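Notes for the one structure printed next.
Residues take their numbers from the sequence shown, with the count starting at 1. What you see is a predicted model; the values in this text were computed from it and never measured. Counting starts at 1 for both ligands and their atoms, following the listed order.
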Amino acid sequence: MNDGIRVTKTTSPKPKPKDSTLAFGTEFTDHMFLMDYRDDKGWYDARIGPYGPLTLDPATAVLHYAQSMFEGLKAFRGTDGEIRLFRPDKHVQRLNNTAKRLCIPAIDPEVVLESWTTLVDLDRDWVPRAVGTSLYVRPTIIASEPFLGVRPSKSYLYFVILSPVGAYYAEGMNPVKILVDAKYVRAVPGGLGEAKASANYAASLYPQEDAKHGGFTQVLYLDGVHRKYIEEVGTMNLMLRIGDEVITPPLAGSILPGVTRDSVLALLREWGIPASERQVSIDEIVEAAGKGTLEEVFGTGTAAVISPVGELFYKDQHIVVNEGRIGELTQRLYDAIVAVQYGTAPDTRGWTVVV
Ligand SMILES: *Cc1c(COP(=O)(O)O)cnc(C)c1O
């Protein structure tokens with residue numbers, strides 16, 4: 001299957017970190033995948049080589065105008081010893097949707113999937129074993145043409161690196177404190193919000209630092225037009241349970257279509273729990289909290305899977321959710337997804353790909 005990928009193995013493999021010392025995004029495996037694009041050749045020269053620095057001309061377009069994007073997914077070592085990628089097909093699809101918005105030429109979906117499976121397979125000994133750990137897969141595409149004009153680059157570099165990461169909840173699943181930002185916005189419809197564009201993260205740093213100084217873990221953005229409807233948490237989509245209804249904002253152009261969000265919605269629908277993709281205003285949330293019907297709030301994303309929210313701060317309002325404890329549904333969703341990822345529950349939905 002991978003006869004199109006040229007493989008050059010490293011001659012100096014690195015010592016592998018201990019599972020117990022793993023953090024997020026600090027250690028990288030022995031190899032990386034690379035592929036080039038040129039207007040006259042298309043995507044070409046798919047290859048795997050030793051992990052190492054890239055050399056870029058200072059005029060390279062990406063360094064000036066941020067024509068850059070990424071994906072993020074994980075490989076898990078199951079309790080049965082198998083290594084599984086979680087919903088790679090959805091990530092491939094999103095990679096090409098993001099590419100389109102950034103004028104980056106699409107890559108054959110099969111080639112993208114192969115780049116992940118072949119690289120993970122080669123570095124499979126790097127997939128950690130301890131409970132909750134995983135191998136993070138980071139595909140990235142950058143404009144590689146040395147040219148200062150403002151137009152789409154005529155050449156690109158697609159690369160994939162792998163990073164063994166520790167358990168997100170090494171100290172237990174502690175509900176986080178979130179600032180509902182009344183000052184900054186993340187995206188507006190028509191902008192880059194629904195693309196996994198690197199520039200979205202550059203834009204989020206200032207509000208995020210601001211919130212950190214105030215003692216909050218994350219920022220929840222409101223919509224940029226009315227400053228009224230909740231959007232997402234910058235690295236996670238958001239869900240609320242008000243009474244018996246689970247609510248998450250609709251994918252209307254400014255929100256990243258999370259794979260975890262999609263998985264949670266699929267599970268809720270399977271379980272017969274009402275789930276709505278609809279606008280929800282911060283006023284509705286404050287009111288529900290006042291009436292005692294704001295039952296659970298949680299974020300969804302590849303890094304944490306599910307992140308319970310214990311407190312929300314909005315202007316002079318302080319909302320405590322479920323007495324700061326993890327909600328019952330939040331826990332059930334987390335357990336169900338993690339079970340599929342580690343192969344302790346059967347994958348009845350075709351969500352995993354064994355490497
Ligand atoms: C990646 C990302 C998410 C989460 O998406 P998953 O596919 O669930 O990991 C949410 N919001 C933003 C802005 C993101 O970049």
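Because its NZ or CZ atom is not both nearer than 6.0 Å to the ring centre of W126 and within 45° of the ring axis, R77 does not count as a cation-pi partner of that residue. In this structure, R47 forms no cation-pi arrangement with Y44, as its terminal cationic atom is not both closer than 6.0 Å to the ring centre and no more than 45° off the ring axis. Cation-pi geometry between K14 and F28 is not met: the NZ or CZ atom fails to fall both under 6.0 Å from the ring centre and inside 45° of the normal.
A distance limit of 4.0 angstrom between heavy atoms and ligand 1 selects the residues H91, R94, R186, K196, Y201, E232, G234, T235, M236, N237, L256, G258, V259, T260, G301, T302.
The environment of E328 atom CD is sparse: at most 12 non-hydrogen atoms of other residues, nucleotides or ligands sit within 6.0 angstrom.
Using a 4.0 Å cut-off between charged nitrogen and carboxylate oxygen, D80 and R84 count as a salt-bridge pair.
Hydrophobic side-chain contacts under 4.5 Å tie I247 into a cluster, directly or through other members, with V176, I178, V180, L220, L222, I230, V233, M236, L238, L240, I242, V280, I282, I285, V286, L294, V297, V309, L312, Y314, I319, V321.
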